[in-house]
Amino acid sequence: MFGLLDLLGLLAPVAGAALAVFYRRRLGGAFPFALLASVFALIASGIAMVSDRVRWFGGGAEGIVERMEIGAGLRNLFLIAAWVLLLVAIARSRGTAAPGAGVRR
């Protein structure tokens, strides 16, 4: 059950990348930033999965805690970078949509 939840959590950034690719015309100049943010979020999810598995190898309680701290720190750095890139994408997409994008007929 937890493996399925881990897999769904890992695939969430892939869904974000798919949405960015689908709406790339509407995103205009913000598309590269949105796609890069999805890649960073995917890396952060991968780090979380790997650090959960690796923390049990070697050392005692101190080694486990140290690996947990390193994994959490790296994951948080990548998530912060993804958030910053999403904010840049939002700022760049204001008023830069392709002509006719979002107009339904």
Side-chain angles (χ1 to χ4, degrees):
M1 181 66 182
F2 288 116
L4 180 64
L5 292 177
D6 284 343
L7 184 62
L8 286 175
L10 184 64
L11 291 178
V14 174
L19 284 172
V21 169
F22 186 74
Y23 290 111
R24 67 183 173 272
R25 288 179 50 112
R26 287 187 190 177
L27 289 172
F31 171 70
F33 296 103
L35 195 60
L36 192 58
S38 297
V39 169
F40 276 18
L42 182 64
I43 292 170
S45 294
I47 288 172
M49 282 185 61
V50 169
S51 67
D52 282 346
R53 308 295 190 271
V54 173
R55 71 178 174 206
W56 300 107
F57 295 119
E62 294 175 9
I64 291 172
V65 170
E66 182 178 338
R67 279 186 285 285
M68 285 174 58
E69 289 175 354
I70 291 170
L74 283 173
R75 183 190 67 220
N76 288 338
L77 284 175
F78 275 99
L79 286 176
I80 289 169
W83 273 103
V84 168
L85 285 169
L86 283 176
L87 291 175
V88 169
I90 290 168
R92 296 213 33 168
S93 69
R94 299 280 183 197
T96 61
V103 177
R104 291 191 172 187
R105 294 175 192 239

Rounding to 0.5 Å, atoms CD1 (I80) and CZ (R75) come to a distance of 10.5 Å
CG-CG distance between L27 and L19, expressed to the nearest 0.5 angstrom:
9.5 Å
same_hphob_cluster(F33, L79) at 4.5 Å side-chain heavy-atom cutoff:
no
Taking C-beta and beyond as the side chain, do F40 and L85 meet within less than 4.5 Å on heavy atoms?
yes
What's the spacing between S38 OG and L86 CG if we round to 0.5 Å?
7.0 Å
Shortest non-hydrogen separation from A41 to A82 and the atoms involved:
N-CB, 4.1 Å
First locate atom CD1 of I47, then atom CD1 of I70, and finally report the distance between them rounded to the nearest 0.5 Å.
11.5 Å
State yes or no: do V14 and M49 share one hydrophobic cluster built from I, L, V, M, F, W and Y residues joined by side-chain heavy-atom distances below 4.5 Å, directly or via other members?
yes
Heavy-atom closest pair (A34 atom, A20 atom, distance to 0.1 Å) is CB-CB, 4.2 Å
Do F31 and V21 come within less than 4.5 Å of each other through their side chains, counting heavy atoms only?
yes
Would you say S51's side chain and G71's backbone share a donor-acceptor pair under 3.5 angstrom?
no
